[in-house]
Asker: 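One structure is given below, represented as structure tokens, and several questions about it will come after.
Just so we're clear, the structure is a prediction, and the values are computed from it rather than from any experiment. All residue numbers refer to positions in the sequence shown, counting from 1.
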Amino acid sequence: MKAQLILENGMVFEGKAFGYLKETIGEVVFNTGMTGYQEILTDPSYYGQMVVMTYPLIGNYGINLEDMESSKSHVRALIVRENSDYPNNFRCELTLDGYLKSQKVIGLEGIDTRALTRVLREHGTMRAIIAVRELTPSQIKLKIDAFNNQMAVSEVTTQESYVIEGNNTHIAVIDCGIKSNILRSFEARGCKLSVFPASATSEEILAVNPDGIFLSNGPADPKDVPDTVATVKVLIGKKPITAICLGHQLLCLALGGNTAKLKFGHHGCNHPVKDFITNRVYITSQNHNYYVETLPEGAVVTHTNMNDQTVEGMYFKDLDIYSVQFHPEACPGPTDTAHIFDEFITVMQGGKLNA
């Protein structure tokens, strides 16, 4: 079936629909990874977004049921140059087309994804509609203008608290859309995890008497969850706190700093980050549209992005707070920064970093 991607600036890309054939609206972002489309589809941080893969052939190793980052897909659409109809991998259980159908997510192939990426780089992230029928300009404008992603965190957070048992550090996790591999990374280190919804109160979190508190990744603008920011403010100084991605931004706001939106975000598994603690550069996985614009008072910058010099990590010595913007739990990779979880645990056990 023919389909059109219509950007809010009026540009149109024509291609062929696959997956679940239904009109959809979302925010278009591009991802520069050569692999990892399955993890991208199931990453809650992509809630409300249409993901453009810059690598031309997607789906060539299929889908397996073991590598999901959550229980379902969260993207509004997957946009590719070419969808592989005949995947070849010993772990393959589904085709990409079949998985998208099961998740009611539309795919779009046959467009020049690199040209689309250049448009997004030059003009910034945009809302768009994928249409499978003819729409009038007024219909297009009305539908695109009606889209917003402000309730994203409430859509992806856990609805009930739960516990993952362990014999090591006890961590209270505030789930803003957590990836499964973050939980697996802590589990692999023997941690006990008490996982709370993003709406949990400070009293509920402190009632389990954790050794530390972890703020997870998640979608959209950190300023869209002021109640979570308010909860974090209360928790500061009560327990050591660590955070990833959206959690890093929430800490910034809670401590008096400010966040802002990037022109086209950081989405991919090849972002170079300078670590000032080890004096090394790591290749990292990232997925965010917002960043720490103004540092809170007392923040020590531990990491910066080598492409645009944005803050990728910060540490507060007196408060035992440590956060990073990138994803050290990256699946399928890279695993350069997996040691960050050991540093998180060091902080939550009352230790200090050499920052």
Asker: Please check if atom NZ in Lys223 has more than 12 non-hydrogen atoms from other residues, nucleotides or ligands closer than 6.0 Å.
Answerer: yes
Asker: Would Lys192 and Asp211 pass as an ion pair if we require N to O under 4.0 Å?
Answerer: no
Asker: Do Asn209 and Lys239 meet the criterion of a side-chain donor-acceptor pair at a distance under 3.5 Å?
Answerer: yes
Asker: Return the CG to CG distance between Leu78 and Leu96, rounded to the nearest 0.5 Å.
Answerer: 6.0 Å
Asker: Taking atom types as modelled, find out whether Gln4 and Glu134 have a side-chain donor-acceptor pair closer than 3.5 angstrom.
Answerer: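 No donor-acceptor contact under 3.5 Å links the two side chains.
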Asker: In terms of hydrophobic clustering (I, L, V, M, F, W, Y; side-chain heavy atoms under 4.5 Å; direct or indirect links), are Tyr55 and Leu100 co-clustered?
Answerer: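 Same cluster.
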Asker: Just checking, any donor-acceptor pair under 3.5 angstrom between side chains of Thr158 and Asp175?
Answerer: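 No, Asp175 and Thr158 have no side-chain donor paired with an acceptor closer than 3.5 Å.
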Asker: How many angstroms lie between atom OG1 of Thr125 and atom CG of Leu262, to the nearest 0.5 angstrom?
Answerer: 8.5 Å
Asker: Does the distance from a Lys or Arg side-chain N to an Asp or Glu carboxylate O, for Lys352 and Asp320, drop under 4.0 Å?
Answerer: yes
Asker: Got a salt bridge between Glu27 and Arg127, using NZ or NE/NH1/NH2 to carboxylate O under 4.0 Å?
Answerer: no
Asker: Once you measure the plane-to-plane angle for Tyr46 and His267, does it fall in the parallel (<30°), tilted (30-60°) or perpendicular (>60°) bin?
Answerer: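 Ring orientation of Tyr46 relative to His267: tilted.
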Asker: Salt bridge or not between Glu109 and Arg81? Use side-chain N to carboxylate O under 4.0 Å.
Answerer: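 Salt bridge: no.
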Asker: Quick one: are the ring centres of Tyr61 and Tyr37 less than 6.0 Å apart?
Answerer: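 Close enough - the centres of the two rings lie under 6.0 Å apart.
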Asker: If only side-chain N and O atoms count, and only distance matters, is there a donor-acceptor pair under 3.5 Å linking Tyr20 with Thr24?
Answerer: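 Checked: Thr24/Tyr20 side chains show no N/O donor-acceptor pair below 3.5 Å.
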Asker: Would you tell me whether His170 and Ser194 have side-chain atoms, one donor and one acceptor, within less than 3.5 Å of each other?
Answerer: yes
Asker: Please tell me whether Ile130 and Val51 are part of a single hydrophobic cluster in this structure, the criterion being side-chain heavy atoms less than 4.5 Å apart.
Answerer: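 They do not share one cluster, since no chain of ILVMFWY contacts under 4.5 Å joins Ile130 to Val51.
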Asker: Any donor and acceptor pair, going by atom type alone, linking the side chain of Thr284 with main-chain N or O of His271 inside 3.5 Å?
Answerer: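 Checking the backbone N and O of His271 against the side chain of Thr284, a donor-acceptor pair under 3.5 Å is found.
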Asker: Looking at Cys269 and Pro334, what are the two nearest heavy atoms and their distance?
Answerer: O-CD, 3.3 Å
Asker: When rounded to the nearest 0.5 angstrom, what distance separates CD in Glu187 from CG in Asn181?
Answerer: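 The CG atom of Asn181 is 10.0 Å from CD of Glu187, to the nearest 0.5 Å.
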Asker: Just checking, any donor-acceptor pair under 3.5 angstrom between side chains of Glu69 and Gln38?
Answerer: no
Asker: Once rounded to the nearest 0.5 Å, what's the spacing between atom CD1 of Ile277 and atom CG of Asp275?
Answerer: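 Spacing of CD1 (Ile277) from CG (Asp275) equals 5.5 Å.
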Asker: Taking atom CZ of Arg184 and atom CZ of Phe186, what is their separation to the nearest 0.5 Å?
Answerer: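 Going from CZ on Arg184 over to CZ on Phe186, the span is 13.5 Å.
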Asker: Do the side-chain N and O atoms of Asn289 and His266 include a donor-acceptor pair separated by under 3.5 angstrom?
Answerer: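 Judged by distance alone, the side chains do not pair up.
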Asker: Which heavy atom of Thr259 sits nearest to which heavy atom of Pro222, and what is that distance?
Answerer: OG1-CG, 3.5 Å
Asker: Is there a donor-acceptor pair closer than 3.5 Å between any side-chain N or O of Ser216 and the backbone N or O of Cys176?
Answerer: yes
Asker: Answer yes or no: is there a donor N or O on one side and an acceptor on the other, between the side chain of Gln103 and the main chain of Lys72, under 3.5 Å?
Answerer: no
Asker: Assess the side chains of Asp97 and Thr95: does a donor N or O sit below 3.5 Å from an acceptor N or O?
Answerer: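 Looking only at side-chain atoms, Thr95 and Asp97 do not form any donor-acceptor pair under 3.5 Å.
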Asker: Tell me whether Arg91 is salt-bridged to Asp67, with the criterion being a basic N under 4.0 Å from an acidic carboxylate O.
Answerer: yes
Asker: Within a radius of less than 6.0 Å around CG of Asn307, do more than 12 heavy atoms belonging to other residues, nucleotides or ligands occur?
Answerer: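 Atom CG in Asn307 is packed in, count exceeds 12.
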Asker: Ignoring hydrogens and geometry, is there a side-chain-to-backbone donor-acceptor pair from Asp112 to Ala115 under 3.5 Å?
Answerer: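 Yes; at least one donor-acceptor contact below 3.5 Å.
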Asker: Is there a path of hydrophobic side-chain contacts, each under 4.5 Å between heavy atoms of I, L, V, M, F, W or Y residues, that connects Val156 with Ile182?
Answerer: no
Asker: How close do Val105 and Ala77 get, heavy atom to heavy atom, and via which atoms?
Answerer: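 Shortest heavy-atom contact: CG1-CA, 4.0 Å.
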Asker: If I compare all heavy atoms of Ile178 with all of Asn217, which pair ends up nearest, and what's the gap?
Answerer: CA-OD1, 3.3 Å
Asker: So, the side chain of Thr157 versus the backbone of Ser154: is there a donor-acceptor pair under 3.5 Å, distance only?
Answerer: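 No, because the side chain of Thr157 does not come within donor-acceptor range (under 3.5 Å) of the backbone of Ser154.
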Asker: Is the number of heavy atoms from other residues, nucleotides or ligands under 6.0 Å of Met34 CE greater than 12?
Answerer: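 Open.
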Asker: Please tell me whether Tyr322 and Glu343 have a donor and an acceptor in their side chains that are separated by less than 3.5 angstrom.
Answerer: yes
Asker: Let me confirm one number: the CD-NE2 distance from Glu155 to His74, rounded to the nearest 0.5 Å.
Answerer: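 These two atoms lie 10.5 Å from each other.
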Asker: Salt bridge or not between Lys179 and Glu329? Use side-chain N to carboxylate O under 4.0 Å.
Answerer: yes
Asker: Between the side chains of Asn64 and Glu93, does any donor sit under 3.5 Å from an acceptor?
Answerer: no
Asker: Inspect the contact between Asp342 and Arg189 and indicate whether a charged nitrogen and a carboxylate oxygen are less than 4.0 angstrom apart.
Answerer: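 Counted as a salt bridge, because a side-chain N and a carboxylate O are separated by less than 4.0 Å.
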Asker: Within the side chain of Thr335, is there an N or O that forms a donor-acceptor pair under 3.5 Å with the backbone of Ala338?
Answerer: no
Asker: Quick one: does Lys2's side chain have a donor or acceptor within less than 3.5 Å of a partner on Val132's backbone?
Answerer: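 Side chain of Lys2 to backbone of Val132, a donor-acceptor pair under 3.5 Å: no, none is there.
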Asker: Would you call Glu23-Arg76 a salt bridge at under 4.0 Å N-O?
Answerer: no
Asker: Given 3.5 Å as the limit, does a donor-acceptor pair link the side chain of Glu122 with the main chain of Val119, or not?
Answerer: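 Such a contact is absent between Glu122 side chain and Val119 backbone.
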Asker: If I compare all heavy atoms of Glu165 with all of Val163, which pair ends up nearest, and what's the gap?
Answerer: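 Where Glu165 meets Val163 most closely, the heavy atoms are OE2-CG1, 3.6 Å.
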Asker: Report yes or no: do His327 and Ser285 form a side-chain donor-acceptor pair below 3.5 Å?
Answerer: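 Looking only at side-chain atoms, Ser285 and His327 do not form any donor-acceptor pair under 3.5 Å.
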Asker: Using atom types as modelled and distance alone, determine if a side-chain donor or acceptor of Tyr291 lies under 3.5 Å from a backbone N or O of Lys261.
Answerer: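 No, because the side chain of Tyr291 does not come within donor-acceptor range (under 3.5 Å) of the backbone of Lys261.
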Asker: Group every Ile, Leu, Val, Met, Phe, Trp and Tyr by side-chain heavy-atom contacts under 4.5 Å, then state whether Ile111 and Leu135 land in the same group.
Answerer: no
Asker: Would you sort out whether His288 and Phe326 count as a ring pair (Phe, Tyr, Trp, His ring centres under 6.0 Å), showing the intermediate values?
Answerer: CA-CA 9 Å; His288 57 102; Phe326 52 89; 9.7 Å; no
Asker: Spell out, as yes or no, whether a donor-acceptor pair under 3.5 Å connects the side chain of Thr228 to the backbone of Ala198.
Answerer: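 Between the backbone of Ala198 and the side chain of Thr228 there is a qualifying donor-acceptor contact (under 3.5 Å).
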Asker: Are there over 12 heavy-atom neighbours, none belonging to Lys263, within less than 6.0 Å of that residue's NZ?
Answerer: yes
